[in-house]
Q: 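Pasting a structure below so you can have a look.
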Amino acid sequence: MSRQSQAFIPTLKDAPADAEAISHKLMVRAGLIRQMGAGLWTYLPAGWRVERKVEAVIREEMEGIGCQEMLMPVLQPAEPWKKSGRYAIDELFKLEDRKGSPLVLAMTHEEAITYHVAREVRSYRDLPLMLFHIQTKERDEPRPRAGVLRTREFTMKDAYSFDRDEEGLARSYDLQSGAYERILDRCGVRWYKVESDVGMMGGSGADEFMAPCPAGENEVALAPGYAANVEVASARAQPVELPAPLSAPERVSTPGLTTVEEVSGALEVPAGALIKALPVIVEDRGMVLVLVRGDHRLNEIKLRNALGAEFRQAGAEEIAAGLGPVGFIGPVGAKIPVIKDAAIVGGSFVCGANEPDAHLRGVQPSRDFEFEELDVRTVEAGDTAPGGGTIEIEPAIEVGNIFKLGSRYSDPLGATFLDENGKEQAIVMGSYGIGPARIVAASIEQRADDRGIVWPRAIAPWQVHLVSLAKAGEPEREAADRIYDALGAAGAEVLYDDRDAGPGEKLTDAELLGCPLRIVAGRRGLAEGVVEASERASGAEHKLPVEDAAERALALLAGVDDGSGDA
RNA sequence: CGGGGAGUGGCGCAGUCUGGUAGCGCACUCGGCUGGGGGCCGAGCGGUCGCAGGUUCAAAUCCUGUCUCCCCGACCA
């Protein structure tokens with residue numbers, strides 16, 4: 001129940017000059033949010049209503065699977081973070097109180113929840129257990145961007161499961177996964193569940209819920225029956241036509257030609273017939289030469305996971321000292337371990353000769369150099385997915401993610417229980433995050449048209465936007481007032497535009513704000529005894545008799561097909 | 001962290017090169033007209049030109065430093 005003349009919904013004719021993403025522009029323009037600093041946003045009343053609606057959906061689905069709500073502080077002692085090993089993360093905000101005690105601003109709540117569970121849970125009889133809260137997170141992001149999409153402070157629903165073993169974890173994980181699917185469907189978000197990297201969370205397995213949209217900062221590899229973040233995606237490469245094999249590598253002079261393009265051009269072979277050699281320094285292992293096909297890109301996350309260790313690119317001096325001249329290095333004759341990407345197959349490649357201004361052709365793996373084979377390249381559109389489908393790559397927003405943590409936190413923080421045999425065991429944990437703000441942004445990105453936002457009913461700030469085109473005191477305004485009262489009496493959520501503004505401004509604002517049903521009460525319709533209802537999503541228009549306009553509007557609303565799973 | 005761009009009234013911008021009265025559109029206030037797609041007329045309010053220091057008779061403008069914001073990349077539970 002809101003009269004727009006008294007509401008704080010500052011709409012803008014133009015988007016801020018520095019906004020790029022659709023959701024960023026529209027959320028600012030529609031008066032949902034305003035910026036306070038880089039990655040720091042205020043939710044204005046209409047925006048906050050939307051955010052709270054998403055939270056309400058999340059709450060219902062969490063409670064539906066027996067996950068209990070609680071609330072943990074954002075400001076926390078540093079101690080548990082030191083124990084878990086995450087105190088070293090750059091993104092973690094660190095501070096001190098007046099006594100000099102180290103504190104942190106939590107970026108997630110694994111440490112806090114594990115701290116509590118470690119103290120209260122003692123027996124297998126206390127398990128399984130699922131807890132969640134909806135709380136602010138703080139992250140010192142290197143680069144906040146795109147409005148509400150990547151911020152330094154944001155609200156997240158994070159849930160945690162506690163089980164006695166892996167089977168229990170699998171059950172909890174499935175329950176959470178199902179809840180996430182329902183949450184996103186109900187919020188009208190199109191999504192894919194994809195395999196993902198465990199990242200800084202640590203743990204044994206993870207899935208992400210990705211909402212495809214242009215502003216997405218992740219890329220997902222999709223094919224029928226296959227979906228994975230490109231960070232971890234694996235597929236069969238497109239074949240490349242190799243030159244005829246030689247009985248032994250042959251040295252060719254390539255003066256000054258150091259890039260794949262230059263060498264493939266000069267030797268008239270496709271880029272994929274080259275081997276790119278990338279020297280990296282692996283933690284505790286020294287320099288290793290990683291090979292990928294000339295037309296492929298090394299995927300650092302896949303390499304890190306395959307190595308089971310951190311690594312960095314070797315510096316120019318290190319390369320010169322350990323291998324050969326930068327730009328002309330290759331695996332033949334290299335005196336360091338070689339990792340060959342699995343997509344390098346066949347017997348006649350071109351690679352650096354480890355001497356200035358020279359390459360080798362006719363190089364054949366195994367025959368000419370030894371290697372360990374790993375899948376470390378980034379998949380590309382057109383590759384063949386494990387199921388046989390053709391890979392497409394699409395940008396997407398990560399709206400949620402779920403992790404099998406195992407004992408990643410229960411070990412360092414001492415969260416254990418006694419089993420039936422009186423034996424102490426580590427609690428097996430899972431963690432499940434979802435970002436309401438990203439759901440809001442994704443919903444806008446996926447559904448907006450050139451006039452503005454198109455909300456699904458479940459998260460619209462108001463269900464009905466009643467627009468009076470008349471001025472206060474006119475009979476047409478009184479008719480609108482009566483409809484407003486009737487809608488309110490019927491329990492509908494109505495935003496009533498009773499501002500003394502021109503019709504163009506009001507109608508444009510209504511489309512910008514995107515409530516599912518707009519009702520226009522103006523002189524033209526009222527002269528024939530009707531008001532005009534239009535569905536924001538479909539554009540369908542209906543004339544409703546004034547006398548029972550409210551009732552008819554509610555009936556219409558119930559049938560509005562808004563594209564969400566909740567209609 | 002690397003590259004690029006920008007800080008001038010609430011928003012969008014001009015003015016900066018070539019130093020000399022701070023300006024435009026929108027918004028806002030008041031009055032009037034208008035009333036189905038951001039309308040019109042008139043009168044107004046509102047700015048330490050991001051900050052600090054320097055050069056100069058004089059700095060939005062030149063110099064030095066610094067802060068902030070945006071975009072691309074790196075990074076990103």
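Predicted model only: the values in this text are computed from it and were never measured. Naming: A, B, ... by sequence-line order, numbering from 1 per chain.
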Q: In whole angstrom, give the distance that lies between atom CD of Glu91(A) and atom C1' of A74(B).
A: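 So the CD-C1' distance, Glu91(A) to A74(B), works out to 13 Å.
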Q: Output the rounded distance in Å from CD (Glu20(A)) to C1' (A6(B)).
A: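 Nearest whole value for this atom pair: 13 Å.
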Q: Just the rounded figure in Å: distance from P of A74(B) to CZ of Arg297(A).
A: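 Going from CZ in Arg297(A) over to P in A74(B) covers 8 Å.
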Q: Rounded to the nearest angstrom, tell me the gap between atom CD in Gln35(A) and atom P in G7(B).
A: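 Spelled out: CD on Gln35(A) to P on G7(B) is 17 Å.
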Q: Starting at the 5' end of nucleotides 31-43 of chain B, put B wherever the base has a protein heavy atom under 4.0 Å, S where only the sugar-phosphate does, and a dash everywhere else.
A: ---BBBBB-----
Q: For Asn401(A), which contact category applies under a 4.0 Å heavy-atom criterion: base, sugar-phosphate, or nothing?
A: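 Counting heavy atoms under 4.0 Å across all strands, the contact made by Asn401(A) includes a base.
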Q: Take the protein atom CZ of Arg145(A) and the nucleotide atom C1' of C72(B), then report the distance between them rounded to whole Å.
A: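 Rounding to the nearest Å, CZ of Arg145(A) and C1' of C72(B) are 10 Å apart.
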Q: Mind checking the P distance from C72(B) to U16(B)? Whole angstroms is fine.
A: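 These two P atoms come out 30 Å apart once rounded.
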Q: Using atom C1' in both nucleotides, what's the gap between C70(B) and U56(B) to the nearest angstrom?
A: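 Per the computed distance, 34 Å lies between those C1' atoms.
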Q: In whole Å, measure the gap between the P atoms of C69(B) and C63(B) for me.
A: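 Here C69(B) and C63(B) have their P atoms 25 Å from each other.
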Q: Does C33(B) have a Watson-Crick or wobble mate here (both distances under 3.5 Å), and if so which one?
A: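 With both distances under 3.5 Å, C33(B) matches G39(B).
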Q: Decide, yes or no, whether a salt bridge links Glu166(A) with Lys404(A) under the criterion of side-chain N to carboxylate O below 4.0 Å.
A: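 Result for this pair is no, no salt bridge flagged.
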Q: Are Asp295(A) and Arg377(A) close enough for a salt bridge, meaning some N to O gap below 4.0 Å?
A: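 Not counted as a salt bridge, because no side-chain N and carboxylate O are separated by less than 4.0 Å.
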Q: Taking only Lys NZ, Arg NE, NH1 and NH2, and the carboxylate oxygens of Asp or Glu, determine whether Glu110(A) and Arg86(A) approach each other closer than 4.0 Å.
A: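 Arg86(A) and Glu110(A): salt-bridged.
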Q: Leu40(A) or Phe154(A): which one's nearest nucleotide on RNA chain B is closer to the 5' end?
A: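 Per heavy-atom nearest nucleotide, the more 5' residue is Leu40(A).
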Q: Rounded to whole Å, how long is the line connecting atom CG of Asn299(A) with atom P of C75(B)?
A: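 Result: 10 Å.
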Q: Please identify each residue that fulfils side chain to side chain contact (heavy atoms under 4.5 Å, CB included) with Gln446(A), with sequence neighbours left out.
A: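 For Gln446(A) the side chain to side chain contact (heavy atoms under 4.5 Å, CB included) partners, ignoring immediate neighbours, are Val189(A), Arg190(A), Ala211(A), Pro212(A), Cys213(A).
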Q: So what does Ala146(A) hit on the nucleic acid, given a heavy-atom distance under 4.0 Å: a base, only sugar-phosphate, or nothing?
A: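 Ala146(A): backbone/sugar contact only, no base atoms under 4.0 Å.
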Q: Within the structure, does a side-chain N or O atom of Arg143(A) lie under 4.0 Å from either OP1 or OP2 of C1(B)?
A: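 Result: no.
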Q: Scan residues 145-156 of chain A for pairs that pass salt bridge (charged side-chain N to carboxylate O under 4.0 Å, His left out), counting only residues two or more places apart or in two chains.
A: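 Listed once each, the pairs are Glu141(A)-Arg150(A), Arg145(A)-Glu217(A), Arg150(A)-Glu217(A).
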Q: What does A22(B) pair with, Watson-Crick or G-U, if both distances are under 3.5 Å?
A: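 Its partner: none found.
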Q: Can you tell me the pairing partner of A52(B) across any strand shown, Watson-Crick or G-U wobble, with both distances under 3.5 angstrom?
A: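 Paired with A52(B), as far as the under-3.5 Å criterion goes, is U64(B).
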Q: I need the CD-C1' distance between Glu208(A) and C76(B), as an integer number of Å.
A: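 Rounded to whole Å, this separation is 11 Å.
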Q: Using the C1' atom as the reference point in each nucleotide, state the distance between C49(B) and G9(B) in Å, no decimals.
A: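 Taking atom C1' in both C49(B) and G9(B), they lie 10 Å apart.
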Q: Once ring-ring contact (aromatic ring centres under 6.0 Å, His included) is applied, what residue pairs with a partner in residues 21-42 of chain A remain, sequence neighbours excluded?
A: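 Output for this query lists His24(A)-Trp41(A).
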Q: If you assign Gly433(A) and Ala21(A) each to the RNA chain B nucleotide with the nearest heavy atom, which residue ends up on the more 5' nucleotide?
A: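 Per heavy-atom nearest nucleotide, the more 5' residue is Ala21(A).
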Q: For A6(B) and C17(B), measure between their P atoms and round to the nearest Å.
A: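 That atom pair is separated by 15 Å.
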Q: C1' atom, G32(B) versus U18(B): distance in rounded Å?
A: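 That atom pair is separated by 47 Å.
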Q: Can you measure Ile9(A) atom CD1 to G10(B) atom P for me and round it to whole angstrom units?
A: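 Ile9(A) atom CD1 is separated from G10(B) atom P by 23 Å.
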Q: Take atom C1' in C26(B) and the same atom in C67(B), then report the distance between them in whole Å.
A: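 Result for the C1' pair: 30 Å, nearest Å.
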Q: Going by the side chain to side chain donor-acceptor pair (under 3.5 Å) test, which pairs reach into residues 464-481 of chain A, not counting sequence neighbours?
A: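 Sorted result for residues 464-481 of chain A: Gln4(A)-His465(A), Ser468(A)-Arg477(A), Asp481(A)-Tyr496(A).
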Q: With both distances under 3.5 Å as the test, what is the Watson-Crick or G-U wobble partner of C1(B)?
A: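 The answer is G73(B), by the H-bond criterion.
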Q: Kindly state each residue pair satisfying ring-ring contact (aromatic ring centres under 6.0 Å, His included) with at least one member in residues 527-546 of chain A, sequence neighbours excluded.
A: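 Qualifying pairs, neighbours excluded: none.
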Q: Tell which nucleotide pairs with G44(B), taking only Watson-Crick or G-U wobble pairs whose two distances are both under 3.5 angstrom.
A: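 G44(B) is paired, partner C28(B).
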Q: So do Met72(A) and Ile113(A) actually touch side chain to side chain, heavy atoms under 4.5 Å?
A: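 SC-SC contact between Ile113(A) and Met72(A) confirmed.
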Q: Rounding to the closest angstrom, what is the interatomic distance between G20(B) and C28(B) at atom P?
A: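 To the nearest whole Å, 34 Å.
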